[in-house]
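The structure appears right after this line, and notes come after that.
For ligands, and for the atoms within them, numbers begin at 1 and follow the listed sequence.
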Amino acid sequence: MAATPEIQNPARIYRRLLSYARPHLGMFMIGVVGMILFAATDSAMAYLVKVFLGGAFVEPDPRIIWLVPVGALLLFLVRGIGDYVSNYFPGWVGRQIIKAIRAELFAHYLRLPAAYYDSATSGQMLSRLTYNVELVAEATTSAVTVLIRDTLTILGLLGMLFYFNWQLAAIALTLAPLISWLIQKINRSFRRYSSRIQASMGDVTRVTKEALDAHRVIKIFNAEAFEERSFGVVNELNRHTNMRLIAAKAVSNPVVQMIAAVGLAAVIYFAIQQVFAKEMGVDDFLAFLTALLLITAPLRRLVNVFGPLQQGIAAGASVFDVLDHPGESPGGPRSLERARGAIELKNVSFEYGPEKATVLRNVSLKIPVGCTAALVGKSGSGKSTLVSLIPRFYDPTAGSILVDEVDVREYRRADLRRQVSVVTQDVVLFNDSIRNNIAFNLADPHSAQVERAAQAAYVMEFAAELPGGLDSMVGDRGSLLSGGQRQRISIARALLKDAPILILDEAFSALDTESETRIQAALAGLVRERTTLVIAHRLSTIESADLIIVLDEGTIVAIGTHAELMQRDGLYAQLHQLQFNV
Ligand code: ADP
């Protein structure tokens with residue numbers, strides 16, 4: 001959905017994000033050990049300065065000639081190890097989290113009801129899975145690493161400050177509340193901009209995806225400039241929202257550093273007075289100053305980390321928004337091995353949403369086992385909607401649909417859907433071989449059944465001429481095949497599924513007569529012995545149907561055979577006249 005999800009409770013979202021890290025706590029804790037090592041080296045560095053100055057100037061001690069350089073080397077070695085461990089292990093955990101969230105999101109996408117897809121854009125959904133999830137990793141690992149590591153560093157250095165001179169340290173500490181208040185304020189704006197950026201990134205993906213999908217339409221309408229302008233709008237919005245975040249980030253650092261500098265100046269003022277009064281030695285003074293200066297780097301990183309952290313929280317919110325949207329229920333308790341295929345609609349009414357118009361009104365009809373029923377009616381009369389209720393893409397708003405005298409809602413959803421094959425005019429093929437497209441989750445792709453289905457649906461006829469045979473690739477969404485060939489693959493798929501109920505959207509008008517005859521023959525094989533609901537456009541199908549159902553504005557206006565309906569001289573006869581000019 002295009003709307004930016006409201007981020008109600010950032011802490012709750014963050015806790016939920018971190019719950020994905022829980023299974024990998026061990027690995028993360030190794031990282032924390034690295035962070036502690038790293039943080040400790042900063043404090044040790046300040047201490048080393050004191051040792052060095054004390055040994056060199058205050059009470060000269062020849063041992064420091066080698067002690068301090070070796071100490072420094074050791075410190076950097078430990079620091080290096082700490083740095084590696086504190087990056088590698090949380091990084092590992094982060095990629096696990098991304099993988100887990102992506103898998104969960106993808107699985108949830110597959111289970112979202114059809115109604116969700118009606119209102120969401122696939123661009124936004126793609127962008128959530130690719131872009132937003134990536135931001136989550138940033139928030140749950142790199143940001144956490146910085147957060148823990150640099151907080152520890154700052155705490156260690158503060159400890160050193162108190163150890164060197166507690167009065168001066170107390171002065172430095174008075175600035176802490178001011179800095180934390182500022183960080184909170186900056187944070188809020190980070191979060192606001194982050195969710196806007198993600199929504200605008202979704203728009204960029206959406207417009208791109210639409211343009212890629214519609215490349216032919218764009219070409220034939222010479223609409224390249226038009227599309228570029230549409231893209232320009234979302235692209236500019238994306239830049240603009242990103243700039244707001246960049247500006248907020250850019251200003252946050254100097255402001256915090258300025259406040260820190262004020263503290264630094266005040267502390268140095270008092271420190272120099274203490275040095276003059278001989279209350280503080282030069283070693284303590286310089287070690288204190290070193291620790292104070294060393295604090296500024298982790299403080300800077302800490303302030304910077306809130307950007308990615310808030311982006312991650314906003315991204316997490318948008319991901320959880322989808323995950324919390326209820327998926328399709330598994331359906332009722334009743335299992336169904338193989339239906340006979342009797343279909344009945346009892347007073348079925350349907351609308352796509354509360355504020356949308358009624359699409360079906362009080363529709364009742366019975367289709368006996370093995371019967372071929374043709375649905376006819378003007379475009380928009382509700383034919384596609386009616387058939388989409390049978391495999392429960394949607395549920396009726398009122399009334400019920402029965403398969404074998406049992407309400408479809410009582411069956412397990414997967415069992416119900418196993419009983420239904422759908423062959424539509426726009427065939428959906430996956431970028432895979434012909435064989436795998438036919439077998440699609442139904443059978444072993446190399447089984448004889450697949451070849452039989454390919455034979456019966458006249459797929460073999462063209463596949464045999466391809467160099468790879470059935471193993472030839474079909475291209476992106478089947479782009480390497482002709483419309484008729486794609487259609488035959490979808491029929492083969494339906495033959496292989498061998499479901500007792502068949503739904504056909506039979507608008508194959510774009511096909512040439514050659515493939516038309518093949519498809520007709522393939523369809524004839526498919527329709528045999530099944531209960532078939534055809535959205536019929538072709539005279540031959542309509543005339544030979546056992547039952548013709550005439551829909552008008554969502555109600556059934558006539559049911560009967562061709563001969564019966566022609567006699568009545570109603571809407572059917574009119575439609576017939578109009579469409580077929582006879
Ligand atoms: P037909 O198949 O007879 O052409 P449809 O069943 O496709 O008719 O459409 C019936 C009505 O339902 C139309 O007014 C159409 O605008 C509306 N409609 C179809 N699909 C949806 C949808 N997914 N969301 C909202 N309205 C829809």
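For atom 19 (C) of ligand 1, the closest non-hydrogen atom on the protein side is Y352 CE1, 3.5 Å. Nearest protein neighbour of atom 23 (N) of ligand 1, counting heavy atoms only, is D118 OD2, 3.1 Å. G380 O, 4.2 Å is the protein heavy atom nearest to atom 14 (O) of ligand 1. Scanning the protein for heavy atoms near atom 2 (O) of ligand 1, the closest one is S384 OG, 2.6 Å. Ranking protein heavy atoms by distance to atom 8 (O) of ligand 1, first place goes to G382 N, 3.2 Å. The protein heavy atom nearest to atom 6 (O) of ligand 1 is T385 OG1, 2.4 Å.
Considering backbone and side-chain N/O atoms, S381 comes within less than 3.5 Å of an N/O atom of ligand 1.
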Run the salt bridge (Lys or Arg N to Asp or Glu O under 4.0 Å) check on K219 and E227 step by step: do they pass?
CA-CA 11 Å; K219 285 189 170 69; E227 278 300 311; over 6 Å; no
Report the C-alpha separation of R530 and D498 in whole Å, then their side-chain angles, then the decisive distance to 0.1 Å, and conclude whether the salt bridge (Lys or Arg N to Asp or Glu O under 4.0 Å) test is met.
CA-CA 9 Å; R530 289 172 222 278; D498 189 27; 2.9 Å; yes
If you apply the rule side-chain contact (heavy atoms from CB on, under 4.5 Å), what do you find for L504 with T532, and how did you get there?
CA-CA 7 Å; L504 281 181; T532 308; 4.2 Å; yes
Report the C-alpha distance between R334 and E410 in whole Å, list the side-chain angles of each, state the deciding distance to 0.1 Å, and finish with yes or no for salt bridge (Lys or Arg N to Asp or Glu O under 4.0 Å).
CA-CA 6 Å; R334 208 183 251 262; E410 286 187 28; 3.5 Å; yes
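Counting non-hydrogen atoms of other residues, nucleotides and ligands closer than 6.0 Å to CD1 of I220 gives a total of 12 or fewer.
Annotation: Y394 is in aromatic contact with Y352 [ring centroid separation under 6.0 Å].
For the pair R488 and E461, the salt-bridge criterion is met [side-chain N within less than 4.0 Å of a carboxylate O].
Close contacts between ligand 1 and Y394 involve ligand atoms 23 (N) [criterion: under 4.0 Å to a heavy atom]. Near S379, the atoms of ligand 1 lying under 4.0 angstrom from a non-hydrogen atom of the residue are 4 (O).
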Review item, side-chain donor-acceptor pairs of residues 439-455, under 3.5 Å, at least two apart:
{"residue": "D444", "atom": "OD1", "partner": "H446", "partner atom": "N", "Å": "3.1"}
{"residue": "S447", "atom": "OG", "partner": "D444", "partner atom": "O", "Å": "2.8"}
{"residue": "E451", "atom": "OE2", "partner": "R435", "partner atom": "NH1", "Å": "3.3"}

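With a 4.0 Å heavy-atom cut-off, ligand 1 is reached by the side chain of V359 but not by its N, CA, C or O. Contacts of Y117 with ligand 1, taken as heavy-atom pairs under 4.0 Å, are absent altogether.
Within the structure, ligand 1 lacks F393 among the residues with a heavy atom less than 4.0 angstrom away. Ligand 1 lies out of reach of G377, whose nearest heavy atom is not under 4.0 Å from it.
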